[in-house]
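Heads up: the structure comes next, in structure tokens.
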Amino acid sequence: MRDDPHDVQTLSTDDMTVYEAVAYLAVDDRVAETADVAHVAALPEETVRRSLAVLAEKGWIEARGGAHVLGPHDWSVER
């Protein structure tokens with residue numbers, strides 16, 4: 001049986017924290033730059049870079065230039 005990359009249980013605590021920071025920034029239609037995510041998540045930038053790479057590889061987020069946005073999902077962010 002293959003691991004489902006969209007299974008939340010495959011993410012570390014740091015990965016979930018970084019994902020939530022990207023989602024928080026998305027509420028205002030902002031793209032998530034590494035420094036912004038590090039600030040919101042209260043994590044070192046190197047940790048954020050690693051988590052962003054993991055999340056992008058699993059399809060949870062997408063890279064857009066030097067920033068990140070939420071990947072495809074079946075829910076919306078309410079304001």
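Atoms considered below: every heavy atom in the structure, side chains included; atoms not considered: hydrogens, waters and symmetry mates. Heads up: numbering here begins at 1 and tracks the sequence.
- Applying the side-chain hydrogen bond (donor to acceptor under 3.5 Å, both in side chains) rule to E62 yields the partners R64; only residues at least two apart in sequence or on another chain are considered.
- Follow the hydrophobic side-chain contacts under 4.5 Å out from V54 and you never reach L70; the two are in separate clusters.
- Of all non-hydrogen atoms in L55 and Y19, the two that sit nearest each other are CD1-N, 3.8 Å.
- Taking every heavy atom of both residues into account, S51 and D15 meet most closely at OG-OD1, 2.7 Å.
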*So V37 and L43, side chain to side chain contact (heavy atoms under 4.5 Å, CB included) or not? Walk me through it.*
CA-CA 8 Å; V37 175; L43 292 170; over 6 Å; no

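- V22 places a side-chain heavy atom less than 4.5 Å from the side chain of L52.
- Chaining together hydrophobic side chains whose heavy atoms lie under 4.5 Å apart places V31 alongside V69.
- Rounding to the nearest 0.5 Å gives a distance of 5.0 Å between CH2 of W60 and CG of L11.
- Screening residues 30-46 for salt bridge (Lys or Arg N to Asp or Glu O under 4.0 Å), with sequence neighbours left out, gives R30-D36, E45-R49, E46-R49, E46-R50.
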